[in-house]
Amino acid sequence: MKYDFNQIEKKWQKYWADNQTFKAENNSEKPKYYVLDMFPYPSGAGLHVGHPLGYIASDIYARYKRHQGFNVLHPQGYDSFGLPAEQYAIQTGQHPAITTEENIKTYRRQLDQIGFSFDWSREVRTSDPSYYKWTQWIFIQLFNSWYNKNADKAEDISELIKLFETEGNSKVNAACDDDVELFSAEDWNGFSTKKQQELLLQYRLTYLAETEVNWCPALGTVLANDEIVNSVSERGGHPVIRKKMTQWSMRISAYAERLLQGLETIDWTDSLKESQRNWIGKSVGASVFFPILSFPNGEAKADSKKQPGYMTGGNNSHLLLERAKEMRVNPTQAEAALWEQLRNKKLNAKFRQQHLIGDYIVDFVCLDKKLIVEVDGKIHENQLEEDAKRTEILENDYYKVIRFSNEEVLGNIEEVLRAIQEELSKRQSVKNEEVPPQGVRGIEVFTTRPDTIFGVSFMTLAPEHELVPQITTPAQKEQVEAYIEATAKRSERDRMADVKTITGAFTGAYVEHPFTKQPIPVWIGDYVLAGYGTGAVMSVPCGDQRDYDFAKHFNIPIPNIFEGVDISEEAFADKDKTIIANSDFLNGLNYKEATKKVIAELEKIGQGKGKTNYRLRDAVFSRQRYWGEPFPVYYVDGMPQMIDAKHLPIKLPEVEKYLPTETGEPPLGNATVWAWDTKKNEVVSNELIDHKTAFPLELNTMPGWAGSSWYFNRYMDANNDEAFASQEALNYWRDVDLYIGGSEHATGHLLYSRFWQKFLFDKGLVPVDEYAKKLINQGMILGTSAFAYRLENLTLVDVNRNQESNKIDPKNIEQLKQKTLKDLERFKNSIVKTVKADETVFIPSFNGEIMKMSPVEVSIALQRKVADFLQIDDKSKVLNGEYFVNVHFTPIHVDVSFINASDELDIEAFRNWREEYKDAIFIGEKGEIINGDNDIYKVGREVEKMSKSKYNVVNPDQICEDYGADSLRLYEMFLGPLEQYKPWNTAGITGVHGFLKKLWKLYVGENGLLVNDDEPSKDSLKTLHKTIKKVQEDIENFSFNTSVSTFMIAVNELTAQKCTSKEILESLLILISPYAPHIAEELWNQLGHNESISTAPFPKFDESHLVESSKNYPISFNGKMRFTLELPLDMSKEEIEKTVLANEKTQEQLQGRTPKKVIVVPGKIVNIVG
RNA sequence: GCUGAAGUGGUGGAAUUGGUAGACACGUUGGACUUAAAAUCCAAUGAACAUUUAGUUCGUGCGGGUUCAAGUCCCGCCUUCAGUACCA
């Protein structure tokens, strides 16, 4: 009987499906084990051989765990929302759901034929309403939560509202927007519902806010930071610009510290954890405040002691704040009337009322535009004077103050608003939304090295820093403006590409050192980024290389504050070796001590405090796309409202077109039935929108990572309608024991999903706050592209006419090698002509070496052949070396299916491939024009990513057809370590395929089963048990490639031993079954079992079979092995030495010399030192 | 620049705590079987020298070091891949 893998594999795949062999039970006596793969996006191209690599590894592990007696959950599903289906819909009008369904069918067929032990009863699809119902549900939970930093967890928003109602927000310690205004309980209770909603949005874990986003015009959507690679879109490589848009965001920054700490508790690869750490980007240091000494108008230096509002130490700001709040609650009639008009951004500007500016409370202020509006009551003489003074001081601080009388406001409010509007339009917006600490004239910096504060010799601001225009002196104005303009012109790419060039400009301003009180010049430079920290750096040139370079370049002093360190050449940045000097009270301290001390001192004088900064930003959660989860959100008066969870799912509406609308709205703007009726609680036609009972629904959809951020929990109870998973299921399965997937998700999916899990944990919805105990990254399988080399043209060069190089002897390759292509430039004068072939001609690859050869070598190797072929007129000159031929060619990707195992091209198939190659001419390795079998054409090879456009994609369907799924599984594992990137080469599969045939032959002969109940031989037992040991170790170390070798060795040995013992061969089948399940099932069945092999207990390793009585000792001389000697293992050290020395081969080696020393390691080696 | 991983025959890769480098395969070469091909089987296969046998020398990116013994440990470099990037 032959090994008919096609028939066997089909048979068992059907058996597994019919019997639901791999269905996991939620209630089982067995211990649980959860093996998870990253679910695929079902693309139209189907699977190539690279895709299943991780699935095969996890399947082996899952099957192994079943043999070990575990109740294994090994599910699979589809991340089925995404861009390609939508792009296809835009092109063809085909609904993405249909495309997706078709693609899933292909995927399922392809996955099934590889024989995975997935529990398909738990399949999930993120685009299925029964699934995204719960994605929407989780979104609502996020909306209804805020992050309480005191409790260090997410809590229900109602708790926050309670706090607001009873004590306002001044004591609330929450993760929130940077610019929340302070309010009291009375304020809160007096606010309109809308105002309250606005304020709450600043605290919710998912919130709607105008944020600067990465907008990709080509894709028509925003992108998250992790979707951008090298400042172009990850998908398609389109340019990305920064743009302000109102978008949903996820407050992942609230979890920055816990996401960082959690990494300590999970067994993920170091590189992946490191990526996440970098992405979170924690830096511990201090925030330091430097008062500004000089303003362009020559105003006297600011007294830092009198700065109110900054920090909490020793000033009266809190009294003023209290007063401001009081006044807010009790406005005058005119103030109330004007506030009513200003509050809702009716003038497109955000105003605050009774706001503290410097030492003054102003009536209304637009911080953005630095515009103050005052409404005056009864005017007394002395107040008039005071107001004028106040105006002067405020205007010195670049505020514009406009005043109206009560009568004006109450009499003609329209006119007042018009005047304010006019003033607003005149004023330039402060670029950065962040406003400086109220009324303080100074610069706040973030530093990780506060210990070096005495080494500060200048200050550098980002050119975009909001204070730059205000502090620049008239003398420096021109220079500074020119510099800002120059940096603005430079694109981000240029800036990135050119890190070395040092540029900057002096503003003319000075700040005051907090301790020495010395003036410090303020510079701007584009090495300081506006987006990180405060956009300002205290520059310590002796301790930071960039500051050092900047200082050197602009001749700024570089004071040395390190003990015993030479800084004449470069900065000294080694924290651990730092001893501070020349630093007043910090002298003699190390980095840690000095940091601690300086922070304490800064706090004492109210000019700084310890601070931790994170690079992690909140994640934008809106996409201007059709094929994604719709938000369960409608808008009343511009404010988002959640649809009650019991009405979920909110299904995607039908649209005519999948493109943005003409007005630039997202595709859902095309939907005609996309409004929410709050009475009927259903989606209704847009025509019914009346803003009373029917309201518009959200037009954005959720990003790709929404559905993948929690799917691992859904598998635990995939068909539950009542909850995303029942508590019983969640408590039984708890977390993923082994997660296998690609490392490309390090800062996307793998970070977002940890965030959601922590949130769900905080809310008591899941039992663990890290969902995957262990994670392994599988490497990528690369394609081996094949190339044919198309001749473009030949340039004939008359060597005699080149004066410099005389005549080149074609035989002297060494001389010619020295002629680079650049040298050929010098032949310009000598070029006789350039010849282009009429036909398409392919030149030989020289056994694939052509790309490694220098142009000169190629030319020499080819000139005769090609000249001959082209029949150029001056052929004789070419042939006798007077003319040199320079060959120009282009490598062309050839479909790898035309290549045989020896890299030879099937020329006929290639010619039929494309019209343009129909009559292509091939010059073979021997230099002959190929015509029949006279010569062969070998392709060149190069390893590249598998991709359709490179024609190097290998389809697993063909492999399964030709060699079988078991061969495919074994071969993918055999290729190399799981984590490694490695090239695919189909030819190699014959090795594992041959192994399976051999395995088969061990059990089945010409006339049927060979297995009998014979006592196993000692050798066979030894083979079996060493295999058990090795395979078990290998699987547990995820070293699947070496266990395949072990199987080969075992089968080779057992074949040689002619083993037919059932005891041995039965155990061997269980060992192999996780790797090659079909053949294992079949042979298991033939051995007389009626049950599937999948839960047969894993064979037990018995050491006793491996015990040896003797060892073949390597005998080495001075460390070099010369021969081996079989000696009993129980021989003593002394006896071994004696026996070895007595041996004639030893004497031969020694040639009469006496050994100086003899090293004997019993059981290992003997080394004789002579 | 920083962080992480890696560098071993023609190729993919083995080598557990320092102890016979190149397991297991692919490929190549030769042979058997066959009308032939495929399949299968056998043998050889790191390089160089020697070849009648035996053997000798070199060899794990490079240069040093520790050790009886180094692919493995230490010091200093080089190269490749991946991530990240003027992060204060």
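Atom set for the values below is all heavy atoms of this structure, side chains included, hydrogens, waters and symmetry mates excluded. Values in this document were obtained by computation on a predicted structure and should not be read as measured data. All chains are named by letter (A, B, ...) in the order of the sequence lines, taking the proteins before the strands, and each is independently numbered beginning at 1.
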Give a yes-or-no answer on whether the side chains of A/S785 and A/E944 include a donor-acceptor pair shorter than 3.5 Å.
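Yes - a donor-acceptor pair under 3.5 Å links their side chains.
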Please determine, by modelled atom types, if A/T1042 and A/S1045 share a side-chain donor-acceptor pair under 3.5 angstrom.
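Side chains of A/T1042 and A/S1045: no pair found under 3.5 Å.
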For B/rG71, decide between syn and anti, treating a glycosidic angle within 90° of 0 as syn.
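Base orientation: anti.
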Watson-Crick and G-U pairing of RNA chain B written in dot-bracket, each distance under 3.5 angstrom, with | for inter-strand partners
(((((((..(((......[....)))((((((.......))))))((((.....))))..(((((..]....))))))))))))....
Looking at residues at least two apart in the chain, or sitting in another chain, which of them share a ring-ring contact (aromatic ring centres under 6.0 Å, His included) with [X]?
| X | answer |
| --- | --- |
| A/F550 | A/F458, A/W523, A/Y527, A/F554 |
| A/Y963 | A/H993 |
| A/F562 | A/F572 |
| A/H1025 | A/H1105 |

Atom pair distance, as rounded to whole Å: [atom1] in [X] and [atom2] in [N]:
| X | N | atom1 | atom2 | result |
| --- | --- | --- | --- | --- |
| A/Y971 | B/rU11 | OH | P | 15 Å |
| A/K982 | B/rA5 | NZ | P | 18 Å |
| A/Q778 | B/rA82 | CD | C1' | 15 Å |
| A/F995 | B/rC26 | CZ | C1' | 16 Å |
| A/W268 | B/rG83 | CH2 | C1' | 16 Å |
| A/F1117 | B/rU20 | CZ | C1' | 13 Å |

Of all pairs that satisfy side chain to side chain donor-acceptor pair (under 3.5 Å), the ones with a partner from residues 1157-1170 of chain A, not counting sequence neighbours:
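Output for this query lists A/S1116-A/N1167.
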Among [options], which nucleotide has an atom closest to any side-chain atom of [X]?
| X | options | result |
| --- | --- | --- |
| A/V537 | B/rA88, B/rC86, B/rA23 | B/rA88 |
| A/V1169 | B/rC68, B/rG12, B/rU20 | B/rC68 |
| A/V528 | B/rC86, B/rG13, B/rA88 | B/rA88 |

Base, sugar-phosphate, or nothing: which does A/N613 touch, judged by heavy atoms less than 4.0 Å apart?
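Nothing: the residue A/N613, judged by heavy atoms under 4.0 Å, touches no strand.
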With a 4.0 Å cut-off on heavy atoms, is A/S271 in touch with a base, just the backbone sugar-phosphate, or nothing at all?
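Result for A/S271 = sugar-phosphate.
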Is any side-chain N or O of [X] closer than 4.0 Å to OP1 or OP2 of [N]?
| X | N | answer |
| --- | --- | --- |
| A/Y532 | B/rA88 | yes |
| A/R1122 | B/rA69 | no |
| A/K1157 | B/rC68 | yes |
| A/R615 | B/rA85 | yes |
| A/S283 | B/rA88 | yes |

Taking only residues two or more places apart in sequence or in another chain, which ones pass salt bridge (Lys or Arg N to Asp or Glu O under 4.0 Å) with A/K1001?
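Per chain and number, A/K1001 pairs via salt bridge (Lys or Arg N to Asp or Glu O under 4.0 Å) with no residue.
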Residues which pass salt bridge (Lys or Arg N to Asp or Glu O under 4.0 Å) with A/R1122, listed by chain and number, not counting sequence neighbours
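A/R1122 satisfies salt bridge (Lys or Arg N to Asp or Glu O under 4.0 Å) with no residue once adjacent residues are dropped.
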Distance, P atom - from B/rG61 to B/rG9, rounded to whole angstrom:
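8 Å, rounded to whole Å.
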Does NZ belonging to A/K1138 count more than 12 external heavy atoms closer than 6.0 Å?
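No, because the 6.0 Å sphere around NZ of A/K1138 holds 12 heavy atoms or fewer from other groups.
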Produce the list of close N/O pairs, under 3.5 Å, pairing protein atoms with atoms of nucleotides 37-43 of chain B; give distances to one decimal.
| unit_1 | atom_1 | unit_2 | atom_2 | d |
| --- | --- | --- | --- | --- |
| B/rA39 | O3' | A/K997 | NZ | 3.4 |
| B/rU40 | OP1 | A/K997 | NZ | 3.4 |

I'd like to check the side-chain hydrogen bond (donor to acceptor under 3.5 Å, both in side chains) partners of A/Q1057; sequence neighbours left out, ordered by chain and number.
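Listed in chain order: A/S1020, A/T1023.
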With the sugar-phosphate defined as primed atoms, P, OP1 and OP2, and the base as all remaining atoms, what B/S/- string results for nucleotides 14-19 of chain B, 5' to 3', for protein heavy atoms under 4.0 Å?
S----B
State which residues pass side chain to side chain contact (heavy atoms under 4.5 Å, CB included) with A/D549; sequence neighbours excluded, sorted by chain then number.
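Partners of A/D549 by the side chain to side chain contact (heavy atoms under 4.5 Å, CB included) criterion, ordered by chain and then number, come out as A/I502, A/Q545.
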